Amino acid sequence: MNDITKLVERYLATWNLTDAAERRAEIDEIWTEDACYIDPLVDIAGRDAIDATIAAVQQQFPGLVFTLGGDVDAHHNLARFTWNLGPEGGEAIVIGFDVAVLTEDGRIQSVHGFLDQVPAL
């Protein structure tokens, strides 16, 4: 497993951290201060906004977990990967695809997210 795959796994694990202090410590470690996150539902910048977005997603989907949906494909400072959101060990309810832009020191500068499968409302 390479360093980029490990970083992506840490990124996804952060979305599963429900302890606010632990989650924020991990965000501060793996994201740059001016990082941004963009998907069809949000366009945010900064660690505070990233933390608040993760907390909001956890409230919207309580008890569900993010997992890596396959191999991480990476080159230069880019990584793309599929993720799943669903019950632990169960079928995914939401499936997405992210592209992360990384810094030279191995932190996340930005994530551009796409939603491939979402539950019907």
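As the structure is a prediction and not an experimental result, all values here were calculated from the model. One is the number of the first residue; the rest follow in order along the sequence.
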- Message: I'd like to know if Ile50 and Ile38 are part of one continuous hydrophobic network [Ile/Leu/Val/Met/Phe/Trp/Tyr, side-chain heavy atoms within less than 4.5 Å].
- Response: no
- Between Trp31 and Tyr37, is any pair of side-chain heavy atoms under 4.5 Å apart? yes
- Query: From Phe66 CZ over to Tyr11 OH, what is the distance, rounded to the nearest 0.5 angstrom?
  - Reply: 7.5 Å
- Message: Salt bridge or not between Arg10 and Glu29? Use side-chain N to carboxylate O under 4.0 Å.
- Response: yes
- Message: Rounded to the nearest 0.5 Å, what separates atom CD1 in Ile27 from atom CG in Leu17?
- Response: 8.5 Å
- Message: Given 3.5 Å as the limit, does a donor-acceptor pair link the side chain of Arg23 with the main chain of Thr14, or not?
- Response: no
- Task: Grab the two heavy atoms, one from Pro40 and one from Gly113, that are nearest each other, plus how far apart they are.
- Result: CD-O, 3.4 Å
- Query: Roughly how far, to the nearest 0.5 Å, is the CG atom of Leu68 from the CG atom of Asp71?
  - Reply: 7.5 Å
- Message: To the closest 0.5 Å, what do you measure between CG (Leu78) and NE2 (His112)?
- Response: 8.5 Å
- Message: Please report the interatomic distance CG(Leu64) to CG(Asn84), rounded to the nearest 0.5 Å.
- Response: 11.5 Å
- Message: Looking at every non-hydrogen atom in both residues, tell me the closest pair between Leu7 and Gly106 and how far apart they are.
- Response: CD2-O, 3.3 Å
- Message: Please find the pair of heavy atoms, one from Ala35 and one from Ile108, that lie closest to each other, and give the distance.
- Response: CB-O, 3.7 Å
- Message: To the closest 0.5 Å, what do you measure between CZ (Phe114) and OG1 (Thr82)?
- Response: 11.5 Å
- Message: Any carboxylate oxygen within less than 4.0 angstrom of a Lys/Arg side-chain nitrogen, looking at Asp48 and Arg24?
- Response: yes
- Item | salt_bridge(Asp98, Arg80) N-O dist < 4.0 Å | no
